[in-house]
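Starting from 1, each residue takes its place in the sequence as its number.
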Amino acid sequence: MTVPTLLVLDADPLPRLGRLTGRVRIEHADASTLAERLPHADVLLVWDFTSHAVREAWPGEGPRPRWVHTASAGVDHLLGPELAASDTVVTNARGIFDRPIAEYVAALVLAFAKDLPRTLEFQRERTWRHRETRRVAGTRAVVVGSGPIGRAIAGTLTALGVTTALVGRAERTGVHGPDDLDRLIAGADWVISAAPLTDRTRGMFDARRFGVMQPSAHFVNVGRGQLVVEEALAEALRRRWIAGAALDVFAAEPLAPDSPLWEVPGLVVSPHMSGDTVGWRDELADQFVELYELWAAGRPLVNVVDKQRGYVPGH
């Protein structure tokens, strides 16, 4: 019986795949060797989910992996035209990041409401300045993106007493459609971006959308950097069209040291860490091994991405 070949697009530290010892031939590649090794692999694990190497290296005709798994929720970094048109199955890490990202968003909402960034600034300055802060309970939030991450965010904010509306690709029970977005964000205190990156969502938060928001609103992006026109957000904050914002994802990562975003007033910058809690890499590796068990047994995989839509359907 032929032993399948698993090709790993490496990132440091490497995944712990000891449970597959003796059952699969594990090979490794980086961006420079991926194209050469892809045709010889049965399965590709995109462990380096920040890399765009799969888009560039994916073969057109001829041998190619039958299954690709990415250790991330988003798949825009690997879904090039050739892969999207192929019969290769693509899965993602749906379910790993939902709760951590929801907690991170809730932390940002509380930090903004309680003015914690300025409290820390005043402490460094040894300045005693009493202020009043906002109640979170009774405020209104709009979460754009109705997948597992968006739903987890909505549930966590609801538990804090925030009235929360979900906006998804299409209207359905409990979820508003895109046509309701402008109306909803016009009355929101918190606008949370957690949508997948598709042709329809790219640049959706632009100057017009920030102009629709009320001056007391705060904006948070934990989806994809390209969902936001960053220059428009910076201008909205400088002009005080909105009260504040937090970006955990950016159009280009890592954010360059000379990027003007570092010094935009009212903007919290974090290095794409909202879903990364202690032990998250081991959770990702364990999830892949469980999926491999299904694949090796010829059973249907879960977390299968609709390659035309760019996300796992059903949410």
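A salt bridge links Arg238 with Glu235: at least one charged nitrogen is closer than 4.0 Å to a carboxylate oxygen. A salt bridge does not link Arg64 to Asp42: none of the charged nitrogens lies less than 4.0 Å from a carboxylate oxygen. Between Asp286 and Arg16 there is no salt bridge, since no side-chain N of the basic residue sits under 4.0 Å from a carboxylate O of the acidic one. Taking the charged nitrogens against the carboxylate oxygens, Arg118 and Asp115 do have a contact shorter than 4.0 Å, which makes a salt bridge. Between Arg208 and Asp182 there is a salt bridge, with a side-chain nitrogen of the basic residue lying less than 4.0 Å from a carboxylate oxygen of the acidic one. Using a 4.0 Å cut-off between charged side-chain N and carboxylate O, Arg19 and Glu290 make no salt bridge.
Note: Leu291 CG to His69 NE2 = 5.5 Å, rounded to the nearest 0.5 Å. The CZ atom of Phe122 sits 13.0 Å away from atom CH2 of Trp128, with the distance rounded to the nearest 0.5 Å. Annotation: the span from Thr198 atom OG1 to Asp76 atom CG amounts to 9.5 Å, rounded to 0.5 Å.
Using a 3.5 Å distance cut-off with no hydrogens or angles, the side chains of Thr119 and Arg131 do pair a donor with an acceptor. Between the side chains of Arg25 and Thr5, at least one donor N or O lies within less than 3.5 Å of an accepting N or O. Checked by atom type, the side-chain pair Ser146/Arg172 shows a donor-acceptor distance below 3.5 Å. Inspection of the Arg224 and Ser193 side chains reveals no N or O donor paired with an N or O acceptor under 3.5 Å. Counting only N and O atoms by type, the side chains of Asp48 and Thr50 include a donor and acceptor under 3.5 Å apart. For the residue pair His272 and Asp248, no side-chain donor N or O sits within less than 3.5 Å of a side-chain acceptor on the partner. With no hydrogens or angles considered, no side-chain donor-acceptor pair links Thr70 and Asn92 at under 3.5 Å.
Within the 4.5 Å cutoff, no side-chain heavy atoms of Ser274 are placed close to those of Phe97. Side-chain contact check for Leu247 versus Leu267: some heavy-atom pair is nearer than 4.5 Å. When side chains are defined from C-beta on, Tyr104 counts as touching Ser270, because their heavy atoms get closer than 4.5 Å. Put simply, the side chain of Leu7 does not reach to within 4.5 Å of the side chain of Leu45, judged on heavy atoms.
A distance below 6.0 Å separates the ring centres of Phe288 and Trp67.
Proximity of a side-chain donor or acceptor of Asp199 to a complementary backbone N or O of Arg202 within less than 3.5 Å is not detected. A donor-acceptor pair under 3.5 Å is formed between the side chain of Thr158 and the backbone N or O of Ala154. No side-chain donor-acceptor contact under 3.5 Å links Glu171 to the backbone of Asp179. No donor-acceptor pair closer than 3.5 Å links the side chain of Lys114 to the backbone N or O of Thr133. With hydrogens and angles disregarded, a donor-acceptor distance shorter than 3.5 Å links the side chain of Gln308 to the backbone of Ala84.
Note on Phe49: it clusters hydrophobically with Val222, by side-chain heavy-atom contacts below 4.5 Å among ILVMFWY residues.
Considering Val89, Leu83, Val90 as possible partners of Ser86, the one that fulfils the side chain to side chain contact (heavy atoms under 4.5 Å, CB included) test is Leu83. The only member of Val142, Asp189, Val191 that meets side chain to side chain contact (heavy atoms under 4.5 Å, CB included) when paired with Met213 is Val191.
Taking each heavy atom of Ala93 and Asn303 in turn, the nearest pair found is C-ND2, 4.0 Å.
Between Phe112 and Trp190, the two ring planes are parallel [angle under 30°; tilted spans 30° to 60°].
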**Item:** side-chain contact (heavy atoms from CB on, under 4.5 Å) assessment of Val167 paired with Asp180
**Value:** CA-CA 8 Å; Val167 178; Asp180 291 337; 5.7 Å; no
